[in-house]
Amino acid sequence: MAEVRVRFAPSPTGELHVGSARTTLFNWLFAKHQRGTYILRFEDTDTERNRPELVEPIMESYRWLGLLWDEGPYFQSQRFELYRQHAQKLLEQGHAYKCYCTPEELEARRKEAMAAKRNPRYDRRCRDLTPEQEQAFIKEGRKPALRIKAPSTGVTVVDDLIRGRVEFDSTDLDDFIIQRGDGRPTYNFAVVVDDVLMKITHVIRADEHLNNTPKQILIYRALNYPLPVFAHVPMVLAKDRSKLSKRHGSTAVSEFQDRGILPEALVNYLARLGWSHGDQEIFTIDELIQHFALEQVHPSAAIFDEEKLLWLNHHYIKSGDPKKIGEQVRAFLVKRGHMSESDAQAVPSETLAKIVDFFKERNRTLVELADSASYLLKDSISYDPEGVKKFLTPDKFPLLEGLAIAFSDVPEFKTATLDHVARGYLETKGKTLKDVAQSCRVAITGRTTGAGLFETMEILGRDKVITRLRQANTLISQASREN
RNA sequence: GGUCCCAUAGUCUAGCGGCCUAGGACGACGCUCUCUCAAGGCGUAAACACGGGUUCAAAUCCCGUUGGGACCGCCA
């Protein structure tokens with residue numbers, strides 16, 4: 001069997017949309033599963049999009065996700081000569097013809113047709129021009145575009161791996177343009193020429209292209225090339241079932257990266273969106289490669305569910321290597337404004353790993369982890385005003401002070417010891433841990449939520465704990481003076 | 001207006017004619033554990049869009065209706 005070759009062909013927009021990322025993932029998994037080749041190609045025939053700053057972020061997101069390409073990236077903007085040659089061939093063989101209508105004229109006719117609720121199709125008026133008519137147009141200085149001759153009878157069948165057999169009535173096909181007046185190819189033409197030249201065996205792309213497929217098949221036929229296998233994957237929609245766009249929140253892969261999502265979580269989530277393997281939810285990359293099959297892709301559109309993504313992210317934070325995750329937290333310490341670049345670099349990896357291990361049960365993203373880490377690492381902390389108001393009340397003053405004293409001479413500052421000493425002290429006052437735990441927590445962390453109190457103390461260390469317990473007392477007296 | 005695609009709980013899905021009084025997961029809710037918040041454990045609610053066929057038998061096959069979506073550019 002011939003080698004499987006697939007490609008993904010994004011338009012350079014400056015960012016990688018999660019929908020594109022998923023389609024790419026399906027291509028990539030299919031290629032890996034088949035031990036084939038995955039090719040990256042940028043569709044930038046539109047010169048507006050032919051800019052490096054629009055391309056690089058996309059490749060960066062691919063690298064982050066681990067979706068590396070085996071070949072490319074190719075740029076259509078560098079292949080215009082190839083398309084011109086093929087268009088010329090079609091012209092010579094009578095599969096295409098010159099059209100002298102101007103874009104303005106066409107636009108006017110299209111609008112008119114739409115207004116009259118007629119089909120906005122090209123009327124083929126240039127298909128059989130006499131030499132005299134053509135000469136007249138040339139004299140006017142019109143630059144001809146090239147149109148393909150579409151058949152007026154029969155059906156075009158798309159055999160789709162996900163949709164099954166889809167029929168299109170050929171009478172609906174337009175004599176669409178394959179080469180613009182300035183010699184640049186149009187999308188549908190460049191795609192086919194490239195797919196042919198790059199020996200693409202399976203075209204796996206978004207659903208929105210299904211309607212383009214009969215047009216492309218027309219070009220394959222005119223060029224006399226065999227068809228690839230087509231597979232149109234369903235779209236990813238927003239909560240309101242419309243196309244997932246900016247107004248729905250995060251859409252770019254880089255935004256998820258910035259929000260502290262792990263690449264393995266996003267990959268796992270995207271893979272499971274529209275595809276399934278029995279009841280399995282968690283997949284390693286190797287498992288995805290092993291089990292992925294286009295036949296198992298669910299044909300209906302799927303809604304992007306952030307909650308489930310977060311759940312998966314949490315899973316990978318809990319089950320991952322704390323040291324590796326800790327290293328990723330380091331960058332967020334700076335991004336979140338908790339510390340300077342150099343201070344963040346100075347934190348030992350062991351400390352970060354310990355912190356990750358400590359908070360992984362309750363933090364779902366790297367951002368949350370970084371925020372948690374900040375109050376353990378920094379000397380000064382900020383206090384949650386609600387927590388202060390509720391728990392740092394004057395009646396707690398003697399207890400916190402008493403604990404500070406009790407803690408100052410424990411032999412070793414360890415969880416079990418602290419627990420024992422604290423409970424012992426509270427008993428002498430006729431109190432329980434419950435009476436003071438939350439006040440203590442606000443005093444030493446500034447927050448009302450967090451990990452185990454004594455574990456937190458152990459990590460903070462004697463100095464910070466005692467200092468903060470006493471600082472809390474000044475907070476209390478300030479508050480009572482204000483009242 | 002035309003063409004095409006899609007249709008199981010709020011969401012992702014299993015199901016490919018009998019195993020379905022429809023399974024799993026996220027989310028929601030409740031209980032439990034507990035120094036808080038989580039995590040964990042246990043449990044509850046929640047779906048085959050509708051109408052016709054085909055068949056001994058339909059979530060599963062066919063047709064229609066409704067609803068959603070995509071495309072109809074000298075954009076990609």
Side-chain angles (χ1 to χ4, degrees), chain A residues 9-13 43-46 48-49 76 99 101-104 106-107 110 113-122 143-147 158 160 162-163 166-169 172-174 176-188 190-191 206-215 232 234-235 237 239 241-243 269 272-282 296 298-312 314 318 359-364 387 391 419 422-423 432-442 445 447-454:
Chain A
S11 170
T13 54
E43 314 239 300
D44 56 350
T45 54
D46 181 0
E48 298 286 299
R49 308 194 188 190
Q76 292 191 324
C99 170
C101 301
T102 65
E104 294 73 30
L106 292 168
E107 181 59 26
R110 185 177 310 119
M114 288 288 237
K117 302 215 168 187
R118 275 183 291 117
N119 251 346
R121 289 192 15 223
Y122 177 63
K143 290 258 185 288
L146 252 41
R147 284 185 185 272
V158 178
D160 192 281
I162 296 170
R163 313 273 146 193
V166 184
E167 287 187 11
F168 293 87
D169 199 329
D172 294 326
L173 282 176
D174 218 352
F176 58 95
I177 289 173
I178 58 173
Q179 191 179 76
R180 300 172 170 100
D182 63 5
R184 285 153 53 230
T186 57
Y187 165 77
N188 280 120
V191 164
D207 216 10
E208 53 190 326
H209 294 292
L210 185 56
N211 283 296
N212 279 325
T213 309
K215 291 185 182 179
H232 287 92
M235 317 242 324
L237 304 178
K239 260 196 161 61
R241 305 211 74 90
S242 66
K243 222 167 171 173
Y269 177 72
R272 240 338 242 92
L273 194 64
W275 171 82
S276 61
H277 178 67
D279 286 339
Q280 190 170 348
E281 295 287 349
I282 309 287
Q296 291 300 317
H298 194 90
S300 63
I303 291 173
F304 194 90
D305 180 6
E306 294 232 355
E307 275 302 324
K308 190 160 181 188
L309 205 215
L310 249 19
W311 171 76
L312 272 163
H314 194 193
K318 282 188 289 181
F359 282 113
K360 64 184 183 186
E361 296 294 343
R362 59 209 88 220
N363 285 170
R364 300 201 290 180
F391 295 111
D419 190 319
R423 285 179 202 269
T432 65
L433 187 56
K434 226 180 174 94
D435 294 321
V436 75
Q438 278 303 78
S439 306
C440 234
R441 181 183 307 282
V442 173
T445 70
R447 306 160 165 234
T448 56
T449 64
L453 189 57
F454 302 109

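These numbers come from the heavy atoms of this one structure, side chains and all, not from hydrogens, waters or symmetry mates. Proteins come first, then strands; the chains are lettered A, B, ... in the order of their sequence lines, and each starts at number 1.
- As the counterpart of B:A22, no nucleotide is assigned, since no Watson-Crick or G-U wobble pattern has both distances under 3.5 Å.
- Distance from the side chain of A:I177 is smallest for B:C74 among the nucleotides B:C72, B:C26, B:C74.
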A:D182/A:K143 under side-chain contact (heavy atoms from CB on, under 4.5 Å): CA gap, chis, key distance, verdict: CA-CA 7 Å; A:D182 63 5; A:K143 290 258 185 288; over 6 Å; no
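- Here the closest heavy-atom approach between residue A:A301 and residue A:R241 is recorded as O-NH2, 4.2 Å.
- As rounded to the nearest Å, B:U13 and B:G18 have P atoms that lie 23 Å from one another.
- Across all strands shown, A:C101 has heavy atoms under 4.0 Å from base atoms, whether or not it also approaches the sugar-phosphate.
- Taking the side chain of A:K243 as heavy atoms from C-beta on, and the options B:A70, B:A14, B:A76, the nearest nucleotide is B:A70.
- Nearest-nucleotide assignment on RNA chain B puts the 5′-proximal partner with A:T448, out of A:Y187 and A:T448.
- Figure legend. B:U65 is base-paired to B:A49; pairs are counted as Watson-Crick or G-U wobble with both atom distances under 3.5 Å.
- Partners of A:R121 under the salt bridge (charged side-chain N to carboxylate O under 4.0 Å, His left out) rule, at least two apart in sequence or in another chain, do not exist in this structure.
- Across all strands, A:K318 comes closer than 4.0 Å only to sugar-phosphate atoms, never to a base (heavy-atom distances).
- With sequence neighbours excluded, no residue forms a salt bridge (charged side-chain N to carboxylate O under 4.0 Å, His left out) with A:D160.
- Residue A:R441 is in base contact, counting any heavy-atom pair closer than 4.0 Å across all strands shown.
- Comparing B:C71 with B:A38, their C1' atoms are spaced 47 Å from each other, to the whole Å.
- Judged as a ring pair (Phe, Tyr, Trp, His ring centres under 6.0 Å), and not counting sequence neighbours, the contacts of A:Y187 are A:H209.
- If you check every strand for non-hydrogen atoms under 4.0 Å, A:L146 touches nothing.
- Within the nucleic acid shown, A:G274 comes within 4.0 Å of sugar-phosphate atoms alone, with no base atom in reach, counting heavy atoms only.
- For B:A14, one of the phosphate oxygens OP1 or OP2 lies less than 4.0 angstrom from a side-chain nitrogen or oxygen of A:H298.
- For A:R423 and B:C35, the shortest distance from a side-chain N or O to OP1 or OP2 is below 4.0 Å.
- Across every non-hydrogen atom of A:V442 and A:F391, the tightest pair is CG2-CD1, 4.0 Å.
- At the phosphate of B:U34, neither OP1 nor OP2 sits under 4.0 Å from any side-chain N or O atom of A:R362.
- Nucleic acid contact for A:A451: base, since at least one base atom lies under 4.0 Å from a heavy atom of the residue.
- By the ring pair (Phe, Tyr, Trp, His ring centres under 6.0 Å) test, A:Y269 pairs with A:F304, sequence neighbours left out.
- Taking atom C1' on both B:C31 and B:A45, the two are 15 Å apart, rounded to the nearest angstrom.
- Contact annotation for A:L273: backbone-only contact, meaning every heavy-atom pair under 4.0 Å involves sugar-phosphate atoms and none involves a base.
- Side-chain contact between A:R163 and A:P234 is present, with heavy atoms from C-beta onward closer than 4.5 Å.
- When the side-chain nitrogen and oxygen atoms of A:R241 are compared with OP1 and OP2 of B:G67, none of them lie within a distance under 4.0 Å.
- Between the base of B:G24 and the side chain of A:E281 there is a donor-acceptor pair shorter than 3.5 Å.
- Within 4.0 Å (heavy atoms only), A:R121 reaches no atom of the nucleic acid at all.
- The P atoms of B:G24 and B:G43 are separated by 11 Å, rounded to the nearest whole Å.
- Checked against B:U36, B:A76, B:C12, the side chain of A:T45 finds its nearest nucleotide in B:A76.
- Residue A:S276 has a polar side-chain atom (N or O) positioned under 4.0 Å from OP1 or OP2 of B:A14.
- Taking the side chain of A:T449 as heavy atoms from C-beta on, and the options B:C74, B:U36, B:A39, the nearest nucleotide is B:U36.
- Here A:H232 lies out of heavy-atom contact (under 4.0 Å) with every strand.
- Across all strands shown, A:N212 has heavy atoms under 4.0 Å from base atoms, whether or not it also approaches the sugar-phosphate.
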Using nucleotides 3-5 of chain B, report all nitrogen or oxygen pairs with the protein that are shorter than 3.5 Å.
{"from": "B:C5", "atom 1": "O2'", "to": "A:R163", "atom 2": "NH1", "distance (Å)": "2.5"}

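- Heavy-atom nearest nucleotides on RNA chain B were determined for A:D182 and for A:G450, and the one closer to the 5' end corresponds to A:G450.
- Applying the ring pair (Phe, Tyr, Trp, His ring centres under 6.0 Å) test to A:H277 and every residue at least two apart in sequence or in another chain returns A:H291.
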